[in-house]
Protein chains: 2
Amino acid sequence: MTKNVPHFTDSMVYSIEQIAIYLEIHGKNFFSQITNGELTPEEFRTIDVILCNPNICQRDLAKLILRDRVRTGRILDALEAKGLIRRFGDMKNKRLVKKMELTEKGNKYFQDITKRVQPYLVTLCEKFSDKQIVELKKLLNSLKEVLAEIVKVPV
Amino acid sequence: MTKNVPHFTDSMVYSIEQIAIYLEIHGKNFFSQITNGELTPEEFRTIDVILCNPNICQRDLAKLILRDRVRTGRILDALEAKGLIRRFGDMKNKRLVKKMELTEKGNKYFQDITKRVQPYLVTLCEKFSDKQIVELKKLLNSLKEVLAEIVKVPV
DNA sequence: TATTACATGTTGCATTTGTAACATAAATAT
DNA sequence: ATATTTATGTTACAAATGCAACATGTAATA
């Protein structure tokens with residue numbers, strides 16, 4: 001009697017990966033359009049994380065956006081070059097670290113983009129009831145927690 | 001009265017993107033370990049799609065794995081070089097196209113990896129009830145359909 | 001028939017990303 | 001006190017990816 005192993009493409013993981021690809025393609029198109037290529041989706045997310053977590057160093061930021069230190073540094077290089085953030089040295093556990101904050105320009109810019117992103121986020125949810133949205137968010141967050149325990153991010 | 005725009009990082013989209021990053025990191029580690037770097041997660045997924053969709057040409061495959069033709073072609077180059085698939089010319093709408101099929105070796109290899117992937121997929125679901133799993137899959141598939149309509153994949 | 005558009009796959013180059021190593025300095029161990 | 005480990009950020013090179021263009025052949029159109 002042969003064991004019936006299900007196809008990977010029927011798994012939840014595959015669905016999420018496909019959704020992520022869609023989101024990536026759309027994000028790239030969307031941002032390149034509404035910002036004239038001045039801001040990438042990843043840069044946008046990073047700014048939001050910086051805003052929600054003031055006074056963190058680069059490595060802490062890396063842990064939050066789940067990217068390694070090199071990549072995180074490069075994102076910040078780009079944001080700094082565009083004048084959207086400012087970097088400054090500071091101490092953390094008696095160690096010199098680099099922290100960052102939004103500039104006036106960055107803040108204004110970010111507010112503007114954030115507003116323009118809303119309609120898209122709403123569109124995605126239109127097919128779902130409020131209750132479904134809540135349920136989906138809850139399940140996704142649980143899944144994220146499971147993954148956070150299993151997966152070690154190289155930071 | 002200021003409008004209260006929610007943070008992007010509180011959105012469902014952000015959660016999914018983070019989960020996807022976790023899955024990517026883990027997939028890379030996992031596959032590089034159990035296959036000694038011989039197979040990437042993307043190659044594995046591609047093989048599964050090929051198996052589930054026999055007799056398709058490269059472009060049809062590209063549409064299914066949501067990658068452009070260049071990238072799809074390169075994945076197939078790699079799989080062919082490893083002797084896991086065979087490519088052959090065929091006709092589709094009076095047009096010469098390239099199709100592909102698993103080799104004996106590829107089939108055996110794939111079955112083996114598939115079995116080893118199962119425990120991981122199970123682990124991810126452990127925290128959820130069967131009912132929750134069903135619900136989550138259903139919601140994700142709906143979301144995927146919404147995205148499939150909105151996002152045009154450049155193939 | 002000539003021309004234009006579409007479908008399919010590939011190539012070449014620029015950009016992005018990943019990996020390993022380096023640099024610095026503090027904490028810890030010997 | 002000296003050596004080793006840990007934390008943080010950067011640099012340099014290799015690998016992967018994206019994008020535009022090409023190549024070929026069919027369909028559609030003028």
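Here is how names work: the chains are called A, B, and so on, in the same order as the sequence lines, proteins then strands, and each is numbered from 1.
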[atom1] of [X] versus [atom2] of [N]: gap in Å, rounded?
X     : N      : atom1 : atom2 : result
A:D77 : C:dT15 : CG    : P     : 17 Å
B:D68 : D:dC19 : CG    : P     : 8 Å
B:L76 : C:dT11 : CG    : P     : 13 Å
A:M91 : C:dT24 : CE    : P     : 16 Å
B:K98 : D:dA23 : NZ    : C1'   : 13 Å
A:L96 : D:dT8  : CG    : P     : 11 Å
B:L61 : C:dT8  : CG    : C1'   : 13 Å
B:K99 : C:dT8  : NZ    : C1'   : 13 Å

Worksheet item: Is the gap between the ring centers of B:Y120 and B:H26 under 6.0 Å?
Response: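 Ring centres of B:H26 and B:Y120 closer than 6.0 Å.
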Worksheet item: When the nearest nucleotide of DNA chain D is assigned to B:R67 and to A:G73 on a heavy-atom basis, which residue is associated with the more 5' position?
Response: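 Looking at DNA chain D, the more 5' nearest nucleotide goes with A:G73.
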Worksheet item: When the nearest nucleotide of DNA chain D is assigned to A:R59 and to A:E24 on a heavy-atom basis, which residue is associated with the more 5' position?
Response: A:R59
Does [X] have a side-chain nitrogen or oxygen under 4.0 Å from the phosphate oxygens OP1 or OP2 of [N]?
X     : N      : value
A:Q58 : D:dA7  : no
A:K92 : C:dA26 : no
A:R95 : D:dT8  : no
B:K94 : C:dA7  : no

Item to complete: Can you figure out which of D:dT8, C:dT8, D:dA20 approaches the side chain of A:V97 most closely?
Response: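 Among the listed nucleotides, the one closest to the side chain of A:V97 is D:dT8.
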Discussion item. When you compare the side chains of A:N107 and A:Q111, does any donor N or O come within less than 3.5 Å of an acceptor on the partner?
Written reply: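 A:Q111 and A:N107 do have a side-chain donor-acceptor pair below 3.5 Å.
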Item to complete: Return yes if a side-chain donor-acceptor contact under 3.5 Å exists between A:Q18 and A:Y22, otherwise no.
Response: no
Worksheet item: Counting any heavy atom closer than 4.0 Å, what does A:R69 reach on the DNA or RNA strands: base, sugar-phosphate only, or nothing?
Response: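 Answer is base: heavy atoms of A:R69 come under 4.0 Å of a base.
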Fill in: Evaluation steps, side-chain hydrogen bond (donor to acceptor under 3.5 Å, both in side chains), between A:E145 and A:N141
CA-CA 6 Å; A:E145 278 170 31; A:N141 283 330; over 6 Å; no
Worksheet item: Any chance CD of A:E42 has more than 12 other-residue heavy atoms, nucleotides or ligands included, within less than 6.0 Å?
Response: yes
Item to complete: Starting from the 5' end of DNA chain C, give me the residue, B:N93 or A:R71, whose nearest nucleotide shows up first.
Response: B:N93
Discussion item. Once hydrogens and angles are ignored, does a donor-acceptor distance under 3.5 Å link the base of C:dG9 to the side chain of B:R87?
Written reply: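 It does not, because no donor-acceptor pair links the side chain of B:R87 to the base of C:dG9 below 3.5 Å.
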Worksheet item: Can you find a donor-acceptor N/O pair under 3.5 angstrom joining the side chain of B:R74 to the base of D:dG18?
Response: yes
